[in-house]
2 protein chains.
Amino acid sequence: MVSAPLSSVSVGNGAKERLRLWIRLLRASRIVESELRERLKREFNSTLPRFDVMAALYRAPDGMLMSDLSRFLLVSNGNVTGIVDRLVSDGFVVRAQREGDRRTSIVRLTARGEEEFRSMAAIHEGWIGELLGDVAEDDARRLSAMLKSFRSNWEGEA
Amino acid sequence: MVSAPLSSVSVGNGAKERLRLWIRLLRASRIVESELRERLKREFNSTLPRFDVMAALYRAPDGMLMSDLSRFLLVSNGNVTGIVDRLVSDGFVVRAQREGDRRTSIVRLTARGEEEFRSMAAIHEGWIGELLGDVAEDDARRLSAMLKSFRSNWEGEA
DNA sequence: ACGAGATATTTCAAGCATGAAATTTCAAGA
DNA sequence: TCTTGAAATTTCATGCTTGAAATATCTCGT
């Protein structure tokens, strides 16, 4: 990944600096992601998408609709279907019918799912602390603040 | 994606701030990536991985080995095989035999591939300028510098 | 010359991701 | 009631991604 900057193909003005930023942002997140994937697989026989779904459900003890999950995680409906299917067959998650609307199903963590997630989350937090260890805590705070409002800036223009 | 912070499952000390940073970093890159994917598909009937491969080859007029590509792009060998296969069948890339070593093949952009890439790259740079438009150029520079040395920090510990 | 190991690449199975089409169910108005 | 459209979800085709196994070729010590 990480399309390098191309001095010979140029355009705007501040664009150069932002392009460089984007490339490094992408590279950094790919590196961390790939390390996380490896560790999740090794230690928990799981994946990042599964972890994300479980994290969302952990925050929602009453469960979530498939469409809520897909909205919250910024991924497509069909995608969530597959991930949840696999979590169900592993016994970490259940689909429950909702009274009064047979189209929807509420997805919830099972007790086993909760327990599994708790142990993953604790270790995951440690990993991130390690992998981003060289970012000074102060830098982390500033960077974080910088990225906080990121989405609202341009969404809806598409 | 974007596993939200979980105040109830806690661990280290500076870990909290770094976890938050990681979540936002991931979210930001997912949002930009998804917008880029959409536009590349719409405007060029292409994808980010294809763009990345073409960018790498554009910087290497003498071509690259498959293994060079895979190392440079931080993706697996098998992955590159598939992407290059598709680029070849679209006429943007060629595989050439190398004298003296029949194991390797050198991958190169075709003239059409170069031309196609030039027009993609110009527009791509504009998109990034737009999508990261609200990051002040100064912030971009600092952020960029902060991320520059990212990899060397911890790689090799795995 | 031979064989052992290293190197370069492809193939494969499994899972992730998208957007579009298909299903099923619901909500309301004629 | 009927039917038309909206809403929730699944299914499907295509492509990306990994890690492991399979191929093919090369290198080098003996």
Side-chain angles (χ1 to χ4, degrees), chain A residues 1-2 26 29-31 33-42 44-54 63-90 95-107 158, chain B residues 1-3 26 29-31 33-42 44-54 63-90 93 95-107 158:
Chain A
M1 302 311 132
V2 178
L26 192 52
S29 63
R30 291 255 166 87
I31 290 170
E33 246 180 304
S34 131
E35 184 67 18
L36 286 179
R37 179 186 10 254
E38 214 174 301
R39 296 185 184 192
L40 278 173
K41 179 67 182 170
R42 185 177 353 116
F44 297 100
N45 193 36
S46 192
T47 67
L48 221 35
R50 288 165 61 109
F51 181 82
D52 288 335
V53 166
M54 291 176 81
M64 293 175 82
L65 300 184
M66 294 297 284
S67 39
D68 292 337
L69 269 172
S70 131
R71 232 186 321 279
F72 180 72
L73 299 175
L74 307 178
V75 300
S76 67
N77 275 339
N79 188 0
V80 176
T81 296
I83 297 168
V84 167
D85 282 351
R86 283 178 286 269
L87 286 173
V88 166
S89 69
D90 284 350
R95 279 184 173 92
Q97 294 297 327
R98 187 168 62 161
E99 290 288 323
D101 190 340
R102 274 169 303 179
R103 290 172 303 179
T104 66
S105 60
I106 294 186
V107 184
Chain B
M1 300 310 136
V2 179
S3 23
L26 192 51
S29 63
R30 290 254 167 86
I31 290 171
E33 248 181 302
S34 131
E35 184 67 18
L36 286 179
R37 178 184 13 251
E38 214 174 301
R39 296 185 185 192
L40 279 173
K41 177 68 181 169
R42 186 178 351 117
F44 297 101
N45 193 36
S46 190
T47 67
L48 219 36
R50 288 165 60 111
F51 182 81
D52 288 336
V53 166
M54 291 176 81
M64 291 175 83
L65 300 183
M66 294 297 283
S67 39
D68 292 338
L69 270 172
S70 132
R71 233 186 320 279
F72 181 72
L73 299 175
L74 307 178
V75 300
S76 67
N77 275 339
N79 189 359
V80 176
T81 297
I83 297 168
V84 167
D85 282 351
R86 285 178 284 270
L87 285 172
V88 166
S89 70
D90 284 350
V93 147
R95 279 185 173 91
Q97 294 297 327
R98 187 168 63 162
E99 289 288 322
D101 190 340
R102 275 169 303 180
R103 290 171 304 178
T104 67
S105 61
I106 292 187
V107 183

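All values below were derived from every heavy atom in this structure, side-chain atoms included, with hydrogens, water molecules and symmetry-related copies excluded. Letters A, B, ... mirror the listed sequences (proteins, then strands); counts begin at 1. Because the structure is a prediction, the values reported are computed rather than measured.
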Between CZ of R95(A) and CG of D85(A), what distance do you get to the nearest 0.5 Å?
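So the CZ of R95(A) and the CG of D85(A) are separated by 4.5 Å.
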Atom CG of D52(A) and atom C1' of dG15(C): how far apart are they, to the nearest Å?
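Rounded to whole Å, this separation is 14 Å.
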Rounded interatomic separation in angstrom, taking CG from D90(B) and P from dT14(D):
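Rounding to the nearest Å, CG of D90(B) and P of dT14(D) are 14 Å apart.
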Within the 4.5 Å heavy-atom criterion, are I106(B) and L65(B) side-chain neighbours or not?
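When only atoms from C-beta onward are counted, L65(B) and I106(B) do touch, with a gap below 4.5 Å.
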Reckon R102(B) has a side-chain N or O less than 4.0 Å from the OP1 or OP2 of dA24(D)?
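R102(B) to dA24(D) OP1/OP2: no side-chain N or O under 4.0 Å.
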For a quick check of understanding: with a heavy-atom distance under 4.0 Å over all strands, which category does R50(A) fall into, base, sugar-phosphate or nothing?
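Counting heavy atoms under 4.0 Å across all strands, the contact made by R50(A) is with sugar-phosphate only.
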Of the options dC26(D), dA17(C), dT17(D), whose atoms approach the side-chain atoms of I83(B) most closely?
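Side chain of I83(B) sits closest to dT17(D).
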Base, sugar-phosphate, or nothing for S34(B), non-hydrogen atoms under 4.0 angstrom?
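If one applies the 4.0 Å heavy-atom cut-off, S34(B) turns out to touch nothing in the nucleic acid.
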How close or far is atom P of dG19(D) from atom CZ of R39(A), stated in whole angstroms?
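About 14 Å, once rounded to whole Å.
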From CG of L74(A) over to P of dG19(C), roughly how many Å is that when rounded to an integer?
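Whole-Å distance recorded here is 12 Å.
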Would you kindly give the CG-to-P distance between D101(B) and dA6(C), to the nearest whole Å?
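For the pair D101(B) CG and dA6(C) P, the rounded distance is 17 Å.
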Test item: R50(B) and D90(B) side chains (from C-beta on) under 4.5 Å apart, heavy atoms:
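They are in contact (side-chain heavy atoms under 4.5 Å apart), so the answer is yes.
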Is there a donor-acceptor pair under 3.5 Å between the side chain of S70(A) and the backbone N or O of V75(A)?
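Judged by distance alone, yes, a pair lies under 3.5 Å.
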Could you tell me how far apart L48(A) (CG) and dG15(C) (C1') are, to the nearest whole angstrom?
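Result: 13 Å.
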Between L73(B) (CG) and dC16(D) (C1'), how many Å, whole number?
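Those two atoms, CG and C1', are 13 Å apart.
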Given atom NZ of K41(B) and atom P of dA13(D), what is their separation to the nearest angstrom?
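About 16 Å, once rounded to whole Å.
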From C-beta outward on R37(B), which listed nucleotide comes closest to its side chain: dA17(C), dC16(C), dT18(D)?
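Shortest atom-to-atom distance from the side chain points to dA17(C).
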Does any non-hydrogen side-chain atom of R39(A) lie less than 4.5 Å from one of R42(A)?
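The answer is yes, as the side chains (C-beta and beyond) meet within the 4.5 Å cut-off.
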Check V84(A), I83(A), V88(A) against R86(A) for a side chain to side chain contact (heavy atoms under 4.5 Å, CB included) and give me the one that passes.
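Looking at V84(A), I83(A), V88(A), the match for R86(A) under the side chain to side chain contact (heavy atoms under 4.5 Å, CB included) is I83(A).
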Just jot down the side-chain contact (heavy atoms from CB on, under 4.5 Å) partners of S34(B), sequence neighbours excluded, or say none.
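Result, side-chain contact (heavy atoms from CB on, under 4.5 Å) vs S34(B): R37(B).
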Quick one: what's the B/S/- string for nucleotides 9-14 of chain C, heavy-atom cutoff under 4.0 Å, read 5' to 3'?
BBB---
